[in-house]
Amino acid sequence: MQEILVEFDRATQRLGALQEAAYRLIDVASCIVETAGDRFVCRLLPKEGVGTGNPGEQGIRLRFIDLVTDENLREKVSVETDGVRNVIVALAFGALAEHEQQHSGPIRG
């Protein structure tokens, strides 16, 4: 198989999502992400002889695009739920601290 090119606009696509998607694709292809002007160019290099489930060039391209989409959604959800997550963590640590305070006896010296 030959190299597969997938391009993204740098103004709308985050590099981190491309790197995460590349990592998740590592079982069937290696990925090199380069910048070319206002574009990210992802060079997907299929791995030869990787099991019998190698999805072919079009399958690798589509899987990579799906993984990038998934990573973008994960980032969006993370940003949207960041405040709630911080409250939950604060409440959990607050409850833990209160529990420790109630169950630890006086310090004796």
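The first residue of the sequence shown is numbered 1, and numbering continues consecutively from there. In this text, all values refer to a predicted model and were calculated from it rather than measured experimentally.
Here the CD atom belonging to Gln58 is positioned 10.5 Å from the CD1 atom belonging to Ile60, to the nearest 0.5 angstrom. Atom CD1 of Ile65 sits about 5.5 Å away from atom CZ of Phe8, to the nearest 0.5 Å. To the nearest 0.5 Å, atom CG of residue Asp70 and atom CZ of residue Arg74 are 4.5 Å apart. In this structure, the separation between CZ on Arg43 and CD on Glu3 is 4.0 Å, given to the nearest 0.5 Å.
Between Ala21 and Phe64, the shortest heavy-atom contact is CB-CE1, 3.8 Å.
Annotation: side chain of Leu18 is in contact with side chain of Cys42 (closest heavy-atom distance under 4.5 Å). In this structure, the side chains of Ser30 and Leu44 stay at 4.5 Å or more apart for every pair of heavy atoms. Inter-residue side-chain proximity for Arg63 and Leu67 is flagged as met; some heavy-atom pair is nearer than 4.5 Å. Side-chain contact check for Lys47 versus Val28: every heavy-atom pair is 4.5 Å or farther apart. Using a 4.5 Å cut-off on side-chain heavy atoms (C-beta onward), Ile32 and Glu34 make contact. Using a 4.5 Å heavy-atom threshold, the side chains of Val33 and Val41 count as separate. Inter-residue side-chain proximity for Gln13 and Asn72 is flagged as met; some heavy-atom pair is nearer than 4.5 Å.
Here the side chain of Lys76 pairs no donor or acceptor atom with the backbone of Glu71 at under 3.5 angstrom. Although no hydrogens or angles enter the test, the distance criterion places a donor-acceptor pair under 3.5 Å between the side chain of Arg10 and the main chain of Gly37. A donor-acceptor pair is defined here as one N or O able to donate and one able to accept, closer than 3.5 Å; such a pair exists between the side chain of Arg61 and the backbone of Leu5.
Under a hydrophobic clustering in which Ile, Leu, Val, Met, Phe, Trp and Tyr are joined whenever their side-chain heavy atoms come within less than 4.5 Å, directly or via other members, Leu45 and Leu62 fall into different clusters.
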Which atom pairs, one a donor and one an acceptor, fall under 3.5 Å between side chains of residues 83-97 and the rest of the protein, sequence neighbours left out?
from, atom 1, to, atom 2, distance (Å)
Arg85, NH1, Thr81, OG1, 3.4
Arg85, NH2, Ser78, O, 3.3
Arg85, NH2, Ser78, OG, 3.4
Arg85, NH2, Asp82, OD1, 2.9
Asn86, ND2, Asp82, O, 3.4

